[in-house]
Amino acid sequence: MTAQLLIGPVLRRVVDDRATLWLETSEPARVRVEVETAGAGSAQTFSAYGHHYALVVVDGLSPDSANPYRLFLDDRQVWPEAGAEHPPPVIRTRAADDRGQPVSLVFGSCREATPQSSRRRLPPDALDAYARRLMADPTQHPDLLVLLGDQVYADETSAKVRRFLRRRRRDGHAGPENQVVSFEEYTKLYLESWRDPEVRWLFSTVPSVMIFDDHELIDDWNTSASWRADMAREPWWRERISGGLASYWIYQHLGNLSPDELATDPLFQKVSAAEDATELLREFGHRVDEPESAENTDVPFQWSFALDLGRTRIVVLDNRCNRVLTPGARAMLPPAEWDWFLDRAHGDYDHLVIGSSLPWLMPPAIHYLEAWNERLAESHRPWAAAFGERVRRAFDLEHWAAFGKSFAALGELFRRLGEGRPTTEGRRVGAGEVYAAPASISVLSGDVHHSYVARADFGHAMTTPVYQLTCSPIHNEVPLPMRPLMRIAWSRAVAQLVRGLARTLSVHKPALRWKRLSGPYFGNAVGTLRLEGATATARIEGTTKDGDLVEVAAADYHP
């Protein structure tokens, strides 16, 4: 049969004169990419679970250029499609020496499926709105799209997917009626979401990196050790976690790797060489669901990744899969991965950008509530610990503040970086090793279904500005009754009240303070961070009823 293009092409990494493009096809095929002026690449699709994928490395691109490209399956052009109304997709490269070139990042999280297939009527999709604006003005082309979690919703499915699932359940496939379980069911989420016309065009012309949050697997994924124990008793959970992580590796994680990383990645080499990679990926999905513990220091797989753009370093952290959940030793990252993060956080750059699906700086009242709850859930009194666990799971108290040691360690890392001091914990510092304080540190986050900008205050000795930029949702909503609660959580009086509760369990005041500068905004939104020289400019834009974008939060900062 003739192969058809199902999803993509999705432009992922552009590094110097090379780029990667990801796609899914209906049948095995030879994929070829031709760039209009200079550059080409080809690859054979690989197969898993009856589906067919390709990741094509395009070589020979001209520096500092924007060149249209065409995609072929077995010598038939399939992209751009015949009669396409959208502008031609392009691969843009930076200058050969891009150290003085500005960097522009677009970011956000939490995007339900397209408006036509949503379970409920939502405000306009902010990613659609951004794509339409970029079509009208290509000069605003960003360097990178950073998607910070909940790119698909495995547990909150559309009417279309629910009809598919009901047929599957009647045919004997076990699982919750309206939630996906198997790899095959996960593929329907991406097929529905990534074929949205505007988003599909955007993905084909703007490089992107991605990290998961809980809804790619299930709400509250890895909240605690008891949560994991409860899920393990579900007869369908083993297939769900395996299929979810395998599909995430194919659809999202694989494209986070640079061409050089792909060439040395052992799993990708095995998968691309296999006639059928189903068993490889099924076993992989099971194996990487075992997070590091105090007894087991081996990280099964590292989902966190890092890259440089000009004088900007971007480090995107896994806030979900590899959490340490052992009571008394809870951590957002296991020790080996934290050491990796420390190494990437030090180096020769001007701006540091941390991608964290969960906000580091929350409204102060919520911060103290989560810190109190962590202490209660680890009480030596069984009844108190059980009560704390019920509260944690009922109110989703699982952000950085609920991993107090990790919250403090991240703040201390930022303090040392901002004061130009090396962090010696967990890493060697060579004799005479000197670090320059970065011009800015930005934490990009999502998850909480509202957007805001906050600045951390480390005291007068700290010259580097540190900002929390939270942009969520791209296409979802927070229930109306929750909005007043989220607003008052920023209140100083309410924060003092909850802090008093936290003090009853000897929760200490954080070593830093933070202040909200803009927000909270509860509509659909996308964020933009522009870094140039020593300055940084952040903008969060929300959608109007007509699907346009207007500024709703902002910050301009420099040392």
Side chain to side chain donor-acceptor pair (under 3.5 Å) assessment of Asp556 paired with Thr537: CA-CA 5 Å; Asp556 298 302; Thr537 303; 3.3 Å; yes

From OG1 (Thr528) to CD (Glu551), nearest 0.5 Å: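 Spacing of OG1 (Thr528) from CD (Glu551) equals 10.0 Å.
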
Do [X] and [Y] get their side chains close enough for a donor-acceptor pair, meaning under 3.5 Å?
X: Gln468; Y: Tyr452; value: no
X: Arg30; Y: Ser42; value: yes
X: Asp260; Y: Ser258; value: no
X: Gln4; Y: Glu27; value: no
X: Asn319; Y: Ser356; value: yes
X: Thr25; Y: Thr45; value: no
X: Tyr557; Y: Ser442; value: yes
X: Glu275; Y: Ser47; value: no
X: Ser304; Y: Asp318; value: no
X: Ser357; Y: Arg320; value: no
X: Arg12; Y: Asn256; value: yes
X: His52; Y: Glu24; value: no
X: Asn67; Y: Glu36; value: no

With Tyr251, the ring-ring contact (aromatic ring centres under 6.0 Å, His included) member among Phe203, Tyr186, Tyr53: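 Of all the options given, the one that passes is Tyr53.
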
Phe72 six-ring face occupied by Arg32 cation (under 6.0 Å, within 45°):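 Flagged: Arg32 positioned over aromatic ring of Phe72.
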
CA sep, side-chain torsions, deciding dist, call: Tyr248, Trp303, ring-ring contact (aromatic ring centres under 6.0 Å, His included): CA-CA 10 Å; Tyr248 172 79; Trp303 302 101; 5.2 Å; yes

Check against side chain to side chain donor-acceptor pair (under 3.5 Å), Thr544 and Asp546: CA-CA 5 Å; Thr544 67; Asp546 297 325; 4.9 Å; no

Gly446 backbone acceptor or donor facing Thr470 side chain under 3.5 Å: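 Not a single qualifying donor-acceptor pair exists.
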
4.5 Å side-chain heavy-atom contact, Thr93 and Asp17: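 Sidechains of Asp17 and Thr93: no contact.
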
Stepwise side chain to side chain donor-acceptor pair (under 3.5 Å) check, Asp447 with His399: CA-CA 10 Å; Asp447 176 70; His399 299 84; 2.8 Å; yes

N-O pairing of Glu541 and Arg133 below 4.0 Å: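 Yes, this pair counts.
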
